[in-house]
Peer 1: 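I am attaching a structure below and will ask some questions about it afterwards.
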Amino acid sequence: MPSLCLSLVSLFLLAAAGLAQSATLRSPEEAKELAEKILGRAVVGNTDSIAAIIRPYWPFPDNELEALVAETTRKRQGLVNRLGKSIGFVLVRRETLSDTFLRLTYVEKLDHTGLRWSFTFYKARDTWKVHSFSWDEDLTSLFSSGSHR
């Protein structure tokens, strides 16, 4: 009987792990909600929790996500003194390529300037997955000419 109990517990844990990794984004609006949840954490300085939010929608190895989030946390700590406190974010561009890719570009507003955040989602079959996310200080690329006038 103990081996049957152990087998049932193992089966339950495997099923739970499968469910955790199979979360789906059914629409571009759900992808947008995910991006804004991530930004909400970044704005309050809680970048360590970003990996937990993205992981169910991340199709690549966990170590890639962990490295990306660790780098984000490290770099942001160095920017606070120079750029000021984060005061919110705004969606500035929404782009689609066919019905396959969605890119959402946001500006995180800080006291002295902004940061550009880009989230790219890929649609495989009927669900969307996080393809990538990045952020930088390149605000000039937000303008169609890519330069100041």
Side-chain angles (χ1 to χ4, degrees), residues 9-10 12-149:
V9 169
S10 298
F12 173 76
L13 290 174
L14 286 172
L19 289 175
Q21 291 299 318
S22 65
T24 58
L25 299 168
R26 293 178 298 263
S27 69
E29 283 310 307
E30 287 185 7
K32 181 178 179 276
E33 289 172 13
L34 178 65
E36 292 181 359
K37 187 174 184 180
I38 293 163
L39 282 165
R41 299 290 172 94
V43 165
V44 297
N46 190 0
T47 54
D48 291 336
S49 67
I50 289 175
I53 296 168
I54 296 175
R55 186 170 286 109
Y57 311 98
W58 184 260
F60 308 113
D62 277 352
N63 64 332
E64 291 179 22
L65 177 60
E66 295 295 336
L68 189 57
V69 171
E71 183 71 7
T72 294
T73 300
R74 187 185 65 75
K75 285 184 176 180
R76 286 181 64 86
Q77 290 170 345
L79 291 176
V80 172
N81 290 336
R82 189 167 68 82
L83 304 180
K85 183 180 176 188
S86 184
I87 56 176
F89 59 88
V90 61
L91 178 66
V92 296
R93 185 173 296 131
R94 179 184 182 131
E95 302 167 279
T96 58
L97 293 176
S98 181
D99 190 30
T100 305
F101 286 99
L102 168 68
R103 182 169 52 192
L104 302 171
T105 305
Y106 291 83
V107 169
E108 179 185 359
K109 299 167 71 174
L110 298 107
D111 287 329
H112 307 303
T113 189
L115 294 173
R116 177 181 65 145
W117 282 78
S118 178
F119 296 89
T120 304
F121 298 89
Y122 169 69
K123 185 177 182 184
R125 297 180 184 87
D126 294 328
T127 61
W128 294 88
K129 295 286 185 182
V130 176
H131 178 266
S132 62
F133 76 94
S134 62
W135 62 274
D136 58 40
E137 296 179 67
D138 185 11
L139 299 178
T140 58
S141 66
L142 295 172
F143 298 91
S144 61
S145 68
S147 62
H148 287 85
R149 291 195 181 220

Peer 1: So do Trp117 and Thr105 actually touch side chain to side chain, heavy atoms under 4.5 Å?
Peer 2: no
Peer 1: Output the distance between atom CG (Leu104) and atom CZ (Arg93), rounded to the nearest 0.5 Å.
Peer 2: 11.5 Å
Peer 1: On a heavy-atom basis, which atom in Gly40 and which in Phe89 lie closest, and how many Å separate them?
Peer 2: N-CE2, 3.9 Å
Peer 1: Compare every heavy atom of Lys75 with every heavy atom of Glu71, then report the nearest pair and how far apart it is.
Peer 2: OE2-CE, 2.8 Å
Peer 1: Assess the residue pair Phe121 and Tyr57 against the criterion (side-chain contact (heavy atoms from CB on, under 4.5 Å)); give the C-alpha distance rounded to whole Å, side-chain angles, the decisive distance to 0.1 Å, and a yes or no.
Peer 2: CA-CA 10 Å; Phe121 298 89; Tyr57 311 98; over 6 Å; no
Peer 1: Can you check whether Trp58 reaches Leu68 side chain to side chain, under 4.5 Å on heavy atoms?
Peer 2: yes
Peer 1: Quick one: CG on Leu102 to CG on Leu97, what's the gap to the nearest 0.5 Å?
Peer 2: 9.5 Å
Peer 1: Identify the two heavy atoms, one from Val69 and one from Thr47, that lie closest to each other, and give their separation to 0.1 Å.
Peer 2: CG1-O, 3.4 Å
Peer 1: Does the side chain of Leu34 reach to within under 4.5 Å of the side chain of Trp128, using non-hydrogen atoms?
Peer 2: no
Peer 1: Are Thr120 and Phe101 packed together at the side-chain level, in the sense that at least one heavy-atom pair is separated by less than 4.5 angstrom?
Peer 2: yes
Peer 1: For a quick test of reading the model, state the closest non-hydrogen atom pair linking His131 to Phe60 and the distance between them.
Peer 2: O-CE1, 3.3 Å
Peer 1: At their closest point, which heavy atom of Leu110 faces which heavy atom of Leu83, and how far apart are they?
Peer 2: CB-O, 3.6 Å
Peer 1: Do the side chain of Arg94 and the main chain of Lys32 share a donor and acceptor less than 3.5 angstrom apart?
Peer 2: no
Peer 1: To the closest 0.5 Å, what do you measure between CD (Glu33) and CD1 (Ile38)?
Peer 2: 12.0 Å
Peer 1: If I take atom OG from residue Ser86 and atom CG from residue Leu79, how far apart are they, to the nearest 0.5 angstrom?
Peer 2: 11.0 Å
Peer 1: Roughly how far apart are Leu25 CG and Asp126 CG, rounded to 0.5 Å?
Peer 2: 13.0 Å
Peer 1: Do you know the tightest heavy-atom contact between Leu115 and Glu137?
Peer 2: CD2-CG, 3.5 Å
Peer 1: Got more than 12 heavy atoms from elsewhere within 6.0 Å of CZ, Arg103?
Peer 2: no
Peer 1: Report yes if some heavy atom in the side chain of Leu65 is under 4.5 Å from a heavy atom in the side chain of Phe133; otherwise report no.
Peer 2: yes
Peer 1: Within a radius of less than 6.0 Å around CG of Asp111, do more than 12 heavy atoms belonging to other residues, nucleotides or ligands occur?
Peer 2: yes
Peer 1: Between CD1 of Ile54 and OG of Ser132, what distance do you get to the nearest 0.5 Å?
Peer 2: 10.0 Å
Peer 1: Is there side-chain contact between Val43 and Glu108, with at least one heavy-atom pair below 4.5 Å?
Peer 2: yes
Peer 1: Can you see whether Ser49 engages Arg41 through a side-chain donor-acceptor pair at a distance of less than 3.5 angstrom?
Peer 2: yes
